[in-house]
Amino acid sequence: MKYISTRGQTAPKSFSEVLLMGLAPDGGLMLPERYPQIDAATLQRWRGLSYPELAFEIMNLFAGDIPAADLRRLVDDTYTEAVFGTSSITPVRTLADGIKIQALSNGPTLAFKDMAMQFLGHSFEYVLSREGKRLNIIGATSGDTGSAAEYALRGKAGIHVFMLSPHGKMSAFQRAQMYSLTDENIHNLAIEGMFDDCQDIVKALQNDAAFKQQYSIGTVNSINWGRILAQIVYYFAGYFRATASNGEQVSFCVPSGNFGNICAGHIARMMGLPIRRLIVATNENDVLDEFFRTGRYRPRSAAHTYVTSSPSMDISKASNFERFVFDLLGRDHFQVASLWQQVAAGGGFDLSAELPRIREEFGFVSGSSRHADRLATIRAVHESDGEWLDPHTADGVKVARELREAGETIVCLETALAAKFADTINEAAGHPVDVPRPAALAGLESLPQRVAVLPNSAQAVRELMVQTLG
Ligand SMILES: *Cc1c(COP(=O)(O)O)cnc(C)c1O
């Protein structure tokens with residue numbers, strides 16, 4: 001299986017090559033040259049598999065240059081009860097109103113990003129050691145992504161992580177989660193600035209080709225193919241848990257930001273998983289909801305990106321969305337390149353003529369949720385089911401309730417746990433509540449923390465990295 005770019009100007013690459021890649025050199029995103037098709041007999045056989053067995057079967061179709069025995073060991077090491085809390089890894093439960101919730105957030109950082117990032121940690125270490133390479137990851141985070149990357153890469157041979165975060169701008173829980181890691185290869189840098197300043201520093205260092213080359217600088221961003229691949233697995237797992245037989249169809253409702261999570265659902269559906277509809281749920285930052293309702297894609301400026309109470313969905317443009325548009329347009333890379341040229345020039349594009357195909361052929365629909373909806377949903381589910389939903393998951397449940405059709409089974413993906421967002425839960429409840437937290441995280445905020453505070457300067461970060469890496 002070879003990988004190609006959505007912009008068509010990159011030579012085909014192997015799985016191991018795309019695993020360590022971000023953007024393709026031509027500015028596009030990497031995708032397999034075709035999607036493997038799962039026939040009825042295979043789907044029947046897969047129904048009985050454990051999560052790691054299923055992960056092996058699916059990934060083995062895509063990871064051509066990793067020997068089967070090695071891949072099996074990688075997924076066995078990744079998807080364990082010790083890391084994800086249950087042997088089923090992503091259990092599905094049913095709310096009183098019949099909506100199902102697939103738990104994806106029982107990994108170390110209590111958000112679904114662990115599902116993919118933990119696999120990347122193991123597979124990066126494997127590929128680097130096989131090729132005698134090392135990798136120095138640099139990234140900027142305002143919370144979830146950075147901590148998931150640190151927990152996945154802590155203690156991994158051949159890898160250092162330099163994670164920039166805005167000094168004093170994260171919650172006490174988020175700070176404690178990242179800064180309490182004391183592994184030698186994890187470096188927390190608190191920058192005296194905002195998240196955008198952190199991102200600008202990362203870009204500046206990335207654009208310094210000599211530095212990048214000399215120090216083997218890489219990233220783990222949401223467009224990495226390995227992350228999408230790992231996410232495909234839980235759509236299959238969720239489908240099997242939510243149904244009694246493969247004659248049934250299921251719809252998935254996905255709280256969306258960069259379109260990475262639901263892009264994996266799209267690929268599972270293209271492989272033949274009986275998914276009826278893919279329901280995109282956004283918050284106030286509704287660039288994707290607008291597209292799936294109107295066919296018009298209009299990325300927003302930073303000034304029109306709102307800070308909301310489901311912060312991990314606060315995006316102005318959805319980087320993984322290009323992968324879907326590539327498939328929608330029959331994989332015409334000329335057309336994709338021309339559409340994203342319009343985006344790069346500050347514009348957008350209009351695919352309203354494709355709306356019927358987007359709905360019928362690809363199964364996409366969408367809805368959005370606002371602060372008041374989120375709070376009302378959190379409150380309502382607590383009343384009916386006695387549990388607190390995380391604010392992002394609540395956006396999904398709100399949209400699923402709104403769009404559900406008679407007889408439709410909808411699985412809402414739980415993208416984080418409420419314990420991470422105490423302020424919003426308190427606001428929804430109208431009084432302080434004690435949201436249950438996994439035992440492993442009791443007293444997290446009182447652990448010693450390790451962080452270097454640096455001025456808002458790329459040069460200061462570069463000097464610290466050079467000093468550390470020797
Ligand atoms: C990252 C994230 C999302 C958005 O996922 P995408 O793959 O970017 O669409 C939603 N909820 C939570 C809690 C997240 O951390």
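Contact check on R72 versus E53 returns no salt bridge, with no Lys/Arg side-chain nitrogen under 4.0 Å from an Asp/Glu carboxylate oxygen. By the 4.0 Å N-to-carboxylate-O rule, R154 lies close enough to D183 to be salt-bridged with it. A salt bridge links R298 with E290: at least one charged nitrogen is closer than 4.0 Å to a carboxylate oxygen. For the pair R293 and D289, the salt-bridge criterion is met [side-chain N within less than 4.0 Å of a carboxylate O]. K317 and E322 are not joined by a salt bridge, as no carboxylate oxygen comes within less than 4.0 angstrom of a charged side-chain nitrogen. In this structure, K13 does not pair ionically with E17, as no charged nitrogen and carboxylate oxygen lie closer than 4.0 Å.
Scanning both residues, V399 and S366, for their nearest heavy atoms gives CG1-C, 4.5 Å. Nearest heavy atom pair, residue P391 against residue S309, reads CB-O, 3.2 Å. In terms of heavy-atom proximity, F173 sits nearest to R437 at CD1-NH2, 3.4 Å. Contact detail for Y151 and P108: the closest heavy-atom pair is CD2-CB, 3.7 Å. For N246 against P274, the heavy-atom pair with the smallest separation is O-CG, 4.0 Å. When every heavy atom of V233 is checked against every heavy atom of M59, the shortest pair comes out as CG2-CE, 4.1 Å.
Applying the side chain to side chain donor-acceptor pair (under 3.5 Å) rule to E284 yields the partners R374; only residues at least two apart in sequence or on another chain are considered. The side chain to side chain donor-acceptor pair (under 3.5 Å) search around N224 returns none, not counting sequence neighbours.
Each of D286, T305, N285 was checked for a side chain to side chain donor-acceptor pair (under 3.5 Å) with R300, and the lone residue meeting it is D286.
In this structure, the ring of F291 has its center less than 6.0 angstrom from the ring center of F321.
Geometrically, R269 does not engage F362 in a cation-pi contact, judged by NZ or CZ lying under 6.0 Å from the ring centre and within 45° of the ring axis.
A donor atom on one side chain and an acceptor atom on the other are not found under 3.5 Å apart for S369 and N283.
With contacts defined as side-chain heavy-atom distances shorter than 4.5 Å, the pair V161/H187 does not qualify. Within the 4.5 Å cutoff, the side chain of F162 has no heavy atoms near those of the I186 side chain.
Ring pair H266/F324 is perpendicular by interplanar angle, where above 60° counts as perpendicular and below 30° as parallel. F119 and Y79 have parallel rings, their planes meeting at less than 30° on a 0 to 90° scale where 60° marks the start of perpendicular.
Panel note: side chain E125, backbone A157; a donor-acceptor pair is recorded below 3.5 Å.
Within a 6.0 Å radius of CD in Q213, no more than 12 heavy atoms belonging to other residues, nucleotides or ligands are found.
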Side chains of residues 328-338: which donor-acceptor partners sit under 3.5 Å, not counting sequence neighbours?
residue, atom, partner, partner atom, Å
R331, NE, D327, OD1, 2.9
R331, NH1, P32, O, 3.0
R331, NH1, E33, O, 2.9
R331, NH2, P32, O, 3.2
R331, NH2, Y35, OH, 3.4
R331, NH2, D327, OD1, 3.4
D332, OD1, F334, N, 3.0
D332, OD1, Q335, N, 3.1

